[in-house]
Amino acid sequence: DVLGGVIEGLRMAAADCGLSFEAFCARIERFGHGTTVGLNALLTGNAARTAVLTTRGFADTLEIGRMRRQTSGLNEIEVTDSYLRNRHPPLVPRRLIFEIDERIDANGAIIRPLDEAQARAVIAGLAYGDVEAVAVCTLFSTVNPVHEKRLRDLLAQMLPGVFVSLSHEISPNVGEYARMSTTAANAALGPLAGRYLAKLEQTLTRAGMTVPVLMMTCAGGVLPTSVLDARPAYALFSGPAAGVMGSQAMGAQIGLRNVLTTDIGGTSFDVGVIVEGQPIMRADISVAGADIRVHSIDVDSIGAGGGSIARVVGGSLQVGPQSAGANPGPACYGRGGVEPTATDADLVLGVLDASYFIGGRMALDVEAARRAIDEKVAQPLGLSTIEAAWGIRKILDSRMADLLRRMTVERGYDPRDFTLFANGGAGPSHAWVLAAELGLTSFVVPAAATAQSAFGAANADVSFSTERPCYVRLQARRAANGDEISRIARALEDASAEVRANLARAGLTGGQKMERYASIRFRGQTHHLDVPLAEGELTQIAVAQAIATFQTHYDTLFGRGAAFAGAGHEILSIRITGSGALPPPPLRASGDTPVEHGVRAVIFDDPATPVETRIWRTRFPAPGARFEGPCIIEYPGQSAVLPPGASGEVDAFGNLHVRLAP
């Protein structure tokens, strides 16, 4: 029960402050929220029962996809595994997709008027199918949405109370597959998200909270639930996005603009990249095998966390992506789990204290961990238990380092230009290995490492983004002419009006910051890059600057000399992001003096050579606290590992800066 978890977390915070739940809620000045409720609903098939209305002849769009729908979201190795094909059915089954007699062409001209009698007959049939939501996606509605709007009117008349999403509002871009899958996902989430957020806000309001719930979006901003009620897909990846925004805010406070933000939890390892103070973005995300076009912070994940299961397959040791989860969890949890996991390995290697897991709130069974590793890994491979545990950790760390390289080196960035932020319950214990793998000499354990997503939701600005199709073909070495500039300017004006209207609904009537982007590609290419458009009046010079920026980014991504201006360029669409700053919460740098709790043997680089390692415990280290490796600093929810030769110091905000041995 996610709602119950949120309320219980607030009750714990209230008790920590010495307040009743009601008194605590009454003193809340800002409530930021990120959740994976919608994401989990799509992944598990528990979203609302949804139907799709589309143009006659296009009912198979979700089935066809991009000729790779069943493999969308799989990595290069998984794509070759035939057992993973058809793992995810279409977001909406074919029997609930209905064709409507209507047609609009690419210029917005009505070729076939909407047959209202036929549309009414289709809608009347939906009433007998227990449909909770309807996605309307007609051809070229982004140019002329008249038929989609009329279908919404008919649905409101005949099926009152059913959640309706129109593609030209949810995903106003060219490409009927991505537009339909995005609209279908949004519709499927509408009833679920609406019920959840309404109940959350009602519960907190009754308890005395006077401020609105601000939901984190995939793009890294926050919006009141009233704005997101019709757009739940915009918050699909709100949890991971909030984590990146938390690292951005923390980086800004301590003067770091290039950050690799990592989060290691129980099931996954998440990575985001912040370049020159801004997170890298992406135009779409893959969920449940479907491509959903929602502008989002680019967070990539692999199945690598504390619960990742280790097993021997064909004589080789594999770790993840399967996870033991929280229940039964790792063998050491004592909840019936028998599979060895990364957490079991850390316990056997001495990284974790069996009596001080989660700040002493849970005891671990070290013998159960040894037994699972010995039976499932050590004996099949002819290794000692310690060697097997060390091998589990090395493989897991190598997989995580590969993802970090993929997010940096493969995009033209040198990881040595970045600072690694170690977040999540397991991030601070793996960071020293990941930093060394990337050639870094230091890393940071943020003060809010175990709650970085919450910190991000508390620091994000109000932000709304929208897109408009705007196809303009620019010939090689020719400046944009007046007609081309006018078409781009009209799209910018239309998108800006929508952004301002939604920011006003969010309570922002002044001080709005507007950022403009154009999606550009070389003529004849399939994929594009988003580049900024200069503020002010759109001119030939502004368009030429955008083209030059595109070519620079292209060279960065694909290698110097890869760009070929002689091919000409195509502008596909424009995007406007409007934001308004909210005052960030004040930070208080306080803490306690770390207390030494003896030493224990820990395996670092050599399983045959355990190292006597000093153990420190702290609830929150005070600014100025210093540590010398080898040592482990045990917080209530994490363990920061400093290998031999490393040193650490806590800054004025409570962040632990660790410098590795040269």
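Only heavy atoms go into these numbers, but all of them, side chains included; no hydrogens, no water, no symmetry mates. All of these numbers come straight from a predicted model, not from anything done at the bench.
Side-chain atoms of D651 come within 3.5 Å of backbone atoms of N655 as a donor-acceptor pair (strictly under, hydrogens ignored). Judged by distance alone, the side chain of E649 and the main-chain N or O of A625 form no donor-acceptor pair under 3.5 Å. Checked by atom type and distance alone, the side chain of R30 pairs as donor or acceptor with a backbone atom of A457 at under 3.5 Å.
By the 4.5 Å heavy-atom criterion applied to side chains, I274 and R257 are not counted as neighbours. A 4.5 Å side-chain heavy-atom check between I302 and S268 finds every atom pair outside the cut-off. No side-chain heavy atom of S286 sits under 4.5 Å from any side-chain heavy atom of I292. Between H528 and I520 the shortest side-chain heavy-atom distance does not fall below 4.5 Å. Here the side chains of E437 and L404 are not in contact, with every heavy-atom distance at 4.5 Å or above. Residues V602 and L349 have side chains not in contact (no heavy-atom distance under 4.5 Å, counting atoms from C-beta outward). A 4.5 Å side-chain heavy-atom check between L223 and T217 finds at least one atom pair inside the cut-off. Residues M407 and L403 have side chains in contact (heavy-atom distance under 4.5 Å, counting atoms from C-beta outward).
Side-chain contact annotation: D414 with T408, donor-acceptor N/O pair under 3.5 Å absent. Inspection of the D461 and S579 side chains reveals no N or O donor paired with an N or O acceptor under 3.5 Å.
Looking at V275, L438, T261, L440 one by one, the single match for side-chain contact (heavy atoms from CB on, under 4.5 Å) with F418 turns out to be V275. Of the candidates L557, L260, I280, N258, I280 is the only one forming a side-chain contact (heavy atoms from CB on, under 4.5 Å) with Y413.
Under the salt bridge (Lys or Arg N to Asp or Glu O under 4.0 Å) criterion, E367 pairs with R370, sequence neighbours left out. A search for salt bridge (Lys or Arg N to Asp or Glu O under 4.0 Å) contacts involving R617 returns D353, E634, not counting sequence neighbours. With sequence neighbours left out, E596 forms a salt bridge (Lys or Arg N to Asp or Glu O under 4.0 Å) with R614. A search for ring-ring contact (aromatic ring centres under 6.0 Å, His included) contacts involving W616 returns F627, not counting sequence neighbours.
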Would you sort out whether D263 and Q452 count as a side chain to side chain donor-acceptor pair (under 3.5 Å), showing the intermediate values?
-> CA-CA 9 Å; D263 191 324; Q452 194 74 327; over 6 Å; no

Can you list the steps and then say if T341 with S308 is a side chain to side chain contact (heavy atoms under 4.5 Å, CB included)?
-> CA-CA 5 Å; T341 67; S308 293; 5.9 Å; no

Carefully, step by step, assess S247 and N423 under the rule side chain to side chain donor-acceptor pair (under 3.5 Å).
-> CA-CA 9 Å; S247 292; N423 296 310; 3.3 Å; yes

Between T35 and M215, does a side chain to side chain contact (heavy atoms under 4.5 Å, CB included) hold up when you go through it step by step?
-> CA-CA 8 Å; T35 179; M215 275 296 299; 3.9 Å; yes

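Among residues at least two apart or in separate chains, there is no salt bridge (Lys or Arg N to Asp or Glu O under 4.0 Å) pair with a member in residues 420-432. For residues 315-342, the set of pairs meeting the salt bridge (Lys or Arg N to Asp or Glu O under 4.0 Å) definition, not counting sequence neighbours, comprises E339-K376.
More than 12 heavy atoms of other residues, nucleotides or ligands sit less than 6.0 Å from atom CE of M362. By the 6.0 Å contact criterion, CZ on R411 is enclosed, its count of non-hydrogen atoms from other residues, nucleotides or ligands being greater than 12. By the 6.0 Å contact criterion, CZ on R405 is enclosed, its count of non-hydrogen atoms from other residues, nucleotides or ligands being greater than 12.
The residues R626 and E628 are annotated as not salt-bridged, no charged nitrogen and carboxylate oxygen being separated by less than 4.0 angstrom. Salt bridge status for D397 with K394: absent, with no side-chain N to carboxylate O gap under 4.0 Å.
Note on ring orientation: taking the six-membered ring where Trp is involved, the planes of W432 and F604 are perpendicular (angle over 60°, cut-offs 30° and 60°).
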